[in-house]
Amino acid sequence: MELALITAQQVAVLFLLMGCGFLAVKTGVLRPEGKQTLSNLLIYLVVPAMIVNSYRMEFSEEILHNLLAAFGMSVLAILIGTVLTLVLTARQKDRRAPIFRFACVFSNAAYMGFPLISALFGSEGLLYASAYVTVFNILLWTMGYGMVSGSSSPKAVVRSLLHTPVLYAMVVGLSVYLLQIPLPRLITQPIELLSGMNTPLSMLITGMLIAAGDLKSIVCDIHIWKLAGVRMLLIPAVCVAAFALLGFQGMSAQVVLLLECCPAAAITSVFAVQFGHDEHFAAGSVVLTTLLSILVLPLCALVLTAVM
């Protein structure tokens with residue numbers, strides 16, 4: 001029951017933030033075209049700060065083996081989701097395809113998953129969760145970026161990444177973590193404040209997108225339900241089966257699988273704005289999968305702690 005309440009509270013916070021963006025547009029406080037400026041702020045300033053901040057943790061040799069295993073399992077889980085998604089959408093050529101693939105592969109792990117990880121496993125579980133988020137960020141800004149940008153050329157993807165602060169933020173973050181570099185409070189406080197804007201800003205943009213579309217059509221769109229089925233049920237189920245066959249057990253495996261059960265990443269909506277994709281479909285995918293996570297995440301957590 002406690003786990004269900006934690007999840008429900010996180011989902012309620014997300015929807016309240018989306019509601020603020022929705023009301024801001026409907027009341028004229030914000031203009032719909034302002035979402036482009038906000039998305040630029042998120043991608044080029046807030047996300048890099050969040051990445052650097054996520055690496056500010058104490059290194060422990062005692063759990064180094066499990067941490068490395070968590071890295072490997074995170075790669076496997078995300079690649080399983082990628083292969084499944086690409087197979088299912090091999091013949092899909094419409095304008096929704098890039099967002100469909102991205103939303104299925106990349107979850108909203110950091111916000112929706114971390115509170116559950118903390119409640120179930122404590123600080124050690126959060127360390128394994130950071131391994132997943134590290135792999136997640138690397139693949140999101142390489143493979144995921146290529147999916148939504150429409151660039152099939154490796155050189156073009158690399159060139160795009162070299163012009164974004166995210167790549168450099170990851171290098172700085174890894175250096176701080178591996179070398180245990182102490183940062184003065186004058187530096188860490190602004191980073192913490194900026195990183196704290198990530199979820200609110202993403203949800204505000206999503207709410208602005210919903211305000212510009214038809215809210216009723218979100219729950220009536222069969223394509224959004226198909227995406228939700230792949231993201232919330234098929235991919236987690238296949239990952240659990242693969243981990244069981246490979247003999248992966250223990251806390252690190254449970255953490256990775258729980259994060260893989262999370263709803264579509266909030267940044268899906270931001271990328272839809274950035275690259276001119278179907279914004280309503282992207283926002284609807286985030287909203288519906290987040291709503292379904294009220295039931296799916298606690299159920300997944302209970303199953304994983306019982307069988308893994």
Side-chain angles (χ1 to χ4, degrees), residues 3 6 10 47-82 105-144 166-183 188 191-192 195 198-199 235-236 238-262 265 297 300-301 303-308:
L3 185 61
I6 292 172
Q10 296 303 319
V47 170
M50 180 192 68
I51 291 174
V52 173
N53 192 59
S54 69
Y55 286 98
R56 292 178 53 242
M57 64 183 73
E58 183 178 349
F59 183 80
S60 172
E61 293 185 2
E62 296 179 1
I63 55 177
L64 177 60
H65 176 75
N66 288 337
L67 180 61
L68 294 175
F71 274 106
M73 288 185 287
S74 299
V75 173
L76 177 61
I78 296 177
L79 290 184
I80 287 174
T82 302
V105 173
F106 296 100
S107 69
N108 198 9
Y111 184 75
M112 293 301 300
F114 272 35
L116 300 181
I117 298 299
S118 179
L120 285 173
F121 307 112
S123 58
E124 184 179 347
L126 288 176
L127 182 60
Y128 303 144
S130 72
Y132 179 94
V133 172
T134 300
V135 173
F136 175 93
N137 280 318
I138 293 172
L139 294 179
L140 186 148
W141 290 102
T142 52
M143 179 180 68
V166 170
L167 179 64
Y168 306 104
M170 290 173 56
V171 173
V172 172
L174 280 170
S175 300
V176 169
Y177 174 66
L178 294 176
L179 300 177
Q180 290 294 282
I181 300 173
L183 298 177
T188 60
I191 291 176
E192 290 172 357
S195 64
N198 180 66
T199 296
I235 291 176
V238 174
C239 286
V240 169
F243 277 37
L245 288 173
L246 294 171
F248 295 152
Q249 297 182 24
M251 184 189 300
S252 57
Q254 294 170 350
V255 168
V256 170
L257 288 171
L258 184 57
L259 294 176
E260 193 60 30
C261 295
C262 289
L297 277 181
C300 289
V303 170
L304 290 174
T305 52
V307 303
M308 296 297 293

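Just so you know, these numbers use all the heavy atoms, side chains as well, and skip hydrogens, waters and symmetry mates.
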Heavy-atom side-chain contact between V256 and F243 under 4.5 Å | yes
Report yes if the side chains of L259 and F136 come closer than 4.5 Å at any heavy-atom pair, otherwise no.
-> no
In terms of heavy-atom contacts, S175 and I181 come closest through O-CD1, 3.7 Å
Mind listing the closest non-hydrogen atom pair of V255 and G125 along with its distance?
-> CG1-O, 3.8 Å
Closest non-hydrogen atom pair between L257 and V240, with its separation = CD2-N, 3.9 Å
CG of L174 to CD1 of I138, rounded to nearest 0.5 Å, is 6.5 Å
Looking only at heavy atoms, what is the nearest atom pair of A169 and V52, with distance?
-> O-CG2, 3.5 Å
Closest heavy-atom pair and its distance - V105, G81 | CG2-O, 4.1 Å
Verify, without hydrogens or angle tests, whether S107 (side chain) and C261 (backbone) share a donor-acceptor contact under 3.5 angstrom.
-> no
Rounded to the nearest 0.5 Å, what separation is found between the OG1 atom of T142 and the CG atom of L140?
-> 8.0 Å
OG (S252) and CD (E124) are apart, to the nearest 0.5 Å, by 8.5 Å
Could you list all the salt bridge (Lys or Arg N to Asp or Glu O under 4.0 Å) pairs where at least one residue sits in residues 238-262, not counting sequence neighbours?
-> R231-E260
Hey, does Y55 have a side-chain heavy atom less than 4.5 Å from the side chain of V172?
-> no
V75 vs F71 side-chain heavy atoms within contact, under 4.5 Å = no
Pairwise distance CG(L139) to OG(S74) - rounded to 0.5 angstrom | 9.5 Å
So CG of N66 and CE of M251: to nearest 0.5 Å the spacing works out to 8.5 Å
Could you grab the distance from atom OG1 of T82 to atom CD1 of I235, nearest 0.5 Å is fine?
-> 7.5 Å
